[in-house]
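What follows is one structure encoded as C-alpha cells, with my remarks underneath.
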Amino acid sequence: MRSVIFANGVFNPSGDALKTVHPDDLIIAADGGAVHCLALGITPDVVVGDFDSLSPDQLNRLKASGTDIIRHPVRKDDTDLELALKTAVDRGADEILIFGALGNRWDMTTANIFMLAAPILSQCRVRIIHGFQEIMLLREMTAHRICGRRGDTLSLIPLSGDVRGITLGGLEYPLYDDRLQFAATRGISNVLVADAATIYFKQGLLLCILTRQ
C-alpha cells in the first residue's frame with residue numbers, strides 16, 4: 001500500500017504533484033501540510049500534528065470532509081512529519097512519497113532527510129520529492145534500480161561512514177566493488193547513460209538524489 005505525505009515545508013502546488021497522487025493512495029498531511037492538500041483540491045485521509053499551523057476554520061473544513069484528525073500536544077518529542085511517517089507505517093504503507101519536506105529552516109530540512117534512515121522505515125521504499133529532485137535512502141545488501149532518463153543527474157552521499165563494496169551500472173562513471181568515502185564528494189553528479197541506474201553495495205547507508213532534466 002502506498003502513502004503520500006504532505007509536510008509543511010516549501011511546496012509548489014503544480015499539476016505534476018497532482019498527477020503523482022493515485023486514487024487508492026493513503027493521503028496524510030503533517031499539520032500545515034494540509035494547506036498544500038487543500039491548494040491541490042485533495043482531501044487528506046488523515047491529518048496529524050499539534051495543529052499550530054492550521055486555523056480553526058481549516059480544521060473544521062477537514063473534519064466536515066471526513067478527514068481523520070489526530071491531535072498531539074505541542075510539547076512532544078516527534079516532529080509532525082515523523083508522526084505522519086509513523087502513522088503511514090502503522091496503517092500498512094510499504095511505499096511512501098513525501099512532498100514539502102524541505103524548506104527555509106535547515107534544522108528541519110536536515111532532520112527530515114536523515115529521518116529516511118529511521119529503523120521504522122527499513123522495510124519501506126521512501127522518497128522525498130522536491131520539484132525535479134527525488135531523495136532516497138539506499139540500504140546495504142540490496143539491488144537497487146533507480147529509474148530516470150538518460151542525462152539525469154544522480155548523486156550518492158555516504159551517511160554512516162564509508163560505503164564499501166559498491167557497484168554502479170547505467171551511469172557515466174561506473175564502479176565495481178569499490179568504496180565511497182564518508183565526507184568526500186566522489187559520488188556527486190554522476191549521469192545516467194540509460195533509463196535506469198543499478199546500485200549495489202555491501203556495507204553502509206547511502207543517500208541517493210536523482211535530479212531529472
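As the structure is a prediction and not an experimental result, all values here were calculated from the model.
With a 6.0 Å radius and a threshold of 12 heavy atoms from other residues, nucleotides or ligands, Asp24 has its CG atom above the threshold. Around the CG atom of Asp77, the shell of radius 6.0 Å holds no more than 12 heavy atoms that belong to other residues, nucleotides or ligands. Other residues, nucleotides and ligands place no more than 12 heavy atoms under 6.0 Å from the CZ atom of Arg145. Around atom CZ of Arg61, no more than 12 heavy atoms belonging to other residues, nucleotides or ligands sit under 6.0 Å away.
Panel note: side chain Thr198, backbone Leu168; no donor-acceptor pair is recorded below 3.5 Å. Panel note: side chain Ser65, backbone Thr43; no donor-acceptor pair is recorded below 3.5 Å. In this structure a side-chain-to-backbone donor-acceptor pair under 3.5 Å is present from Ser122 to Pro119. No side-chain donor-acceptor contact under 3.5 Å links Thr185 to the backbone of Ile188. With Thr67 contributing its side chain and Val46 its backbone, the two residues share no donor-acceptor pair below 3.5 Å. The closest donor-acceptor contact from the side chain of Asp152 to the backbone of Arg149 lies under 3.5 Å. Here the side chain of Asp50 pairs no donor or acceptor atom with the backbone of His72 at under 3.5 angstrom.
Partner of Phe6 under the side chain to side chain contact (heavy atoms under 4.5 Å, CB included) criterion, chosen from Leu97, Leu81, Val35, Leu40: Leu40.
A salt bridge links Asp177 to Lys202: at least one charged side-chain nitrogen sits closer than 4.0 Å to a carboxylate oxygen. Taking a cutoff of 4.0 Å between a charged side-chain nitrogen and a carboxylate oxygen, Asp78 and Lys86 qualify as a salt bridge. Using a 4.0 Å cut-off between a side-chain N of Lys or Arg and a carboxylate O of Asp or Glu, Arg71 and Asp31 do not qualify as a salt bridge. By the 4.0 Å N-to-carboxylate-O rule, Arg164 lies too far from Glu140 to be salt-bridged with it. Between Arg186 and Asp178 there is a salt bridge, with a side-chain nitrogen of the basic residue lying less than 4.0 Å from a carboxylate oxygen of the acidic one.
Put simply, the side chain of Lys19 does not reach to within 4.5 Å of the side chain of Val21, judged on heavy atoms. Two residues are said to be in side-chain contact when any heavy atoms from C-beta on lie closer than 4.5 Å; Asp94 and Arg125 fail this criterion. Proximity of Val193 to Arg150: side-chain heavy atoms (C-beta onward) are nowhere separated by under 4.5 Å. In this structure, Asn190 and Ser155 have side chains that are not in contact, with every pair of non-hydrogen atoms separated by 4.5 Å or more. Two residues are said to be in side-chain contact when any heavy atoms from C-beta on lie closer than 4.5 Å; Leu83 and Lys76 meet this criterion. Side-chain contact check for Glu134 versus Arg212: some heavy-atom pair is nearer than 4.5 Å. Counting heavy atoms from C-beta outward, Leu156 and Leu154 have side chains that approach closer than 4.5 Å. Between Phe51 and Asp80, the closest side-chain pair of non-hydrogen atoms is not below 4.5 Å.
Using cut-offs of 30° and 60° on the angle between ring planes, the pair Phe201 and His144 is parallel.
For an aromatic pair to be called close, the ring centres must be under 6.0 Å apart, and His36 with Phe11 satisfies this.
In terms of heavy atoms, Ala30 sits closest to Ala7 at CB-CA, 4.2 Å. Contact detail for Ala101 and Ile128: the closest heavy-atom pair is CB-CG2, 3.9 Å. Taking every heavy atom of both residues into account, Val163 and Gly204 meet most closely at CG2-CA, 4.3 Å. Across Ala88 and Ile96, no two heavy atoms sit closer than the pair CB-CD1, 4.0 Å. Pairing each heavy atom of Pro44 with each of Cys37, the nearest pair is CD-CB, 4.1 Å.
In the hydrophobic clustering of ILVMFWY residues, with side-chain heavy atoms under 4.5 Å counting as a link, Ile135 and Leu206 come out apart.
Residue Tyr200 holds its OH atom at 7.5 Å from OG1 of Thr142, rounded to the nearest 0.5 Å. Atom CD1 of residue Ile69 and atom NZ of residue Lys63 lie 6.5 Å apart, to the nearest 0.5 angstrom. Taking OG1 of Thr79 as the reference point, atom CG of Asn112 lies at 6.0 Å (rounded to 0.5 Å). Here the CG atom belonging to Leu159 is positioned 10.0 Å from the CZ atom belonging to Arg139, to the nearest 0.5 angstrom. Atom CG of Asp45 and atom OG1 of Thr87 lie 12.0 Å apart (nearest 0.5 Å). Annotation: the span from Ile157 atom CD1 to Leu180 atom CG amounts to 10.5 Å, rounded to 0.5 Å.
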### Query
What do the steps show when you test Arg91 against Asp68 for salt bridge (charged side-chain N to carboxylate O under 4.0 Å, His left out), and what is the final call?
CA-CA 13 Å; Arg91 298 197 179 196; Asp68 185 7; 2.8 Å; yes
### Query
Where do Met136 and Leu210 land on the side chain to side chain contact (heavy atoms under 4.5 Å, CB included) test, with the steps shown first?
CA-CA 8 Å; Met136 300 153 271; Leu210 176 68; 4.2 Å; yes
### Task
Go through Cys208 and Ile146 one step at a time and tell me if the side chain to side chain contact (heavy atoms under 4.5 Å, CB included) criterion holds.
CA-CA 9 Å; Cys208 175; Ile146 309 300; 4.3 Å; yes
### Task
Could you go through the side chain to side chain contact (heavy atoms under 4.5 Å, CB included) check for Arg179 and Ile166 one step at a time?
CA-CA 6 Å; Arg179 179 177 65 151; Ile166 185 167; 5.7 Å; no
#### Entry: Test log, rule side chain to side chain contact (heavy atoms under 4.5 Å, CB included), inputs Ile98 and Ile129
CA-CA 6 Å; Ile98 308 172; Ile129 300 178; over 6 Å; no
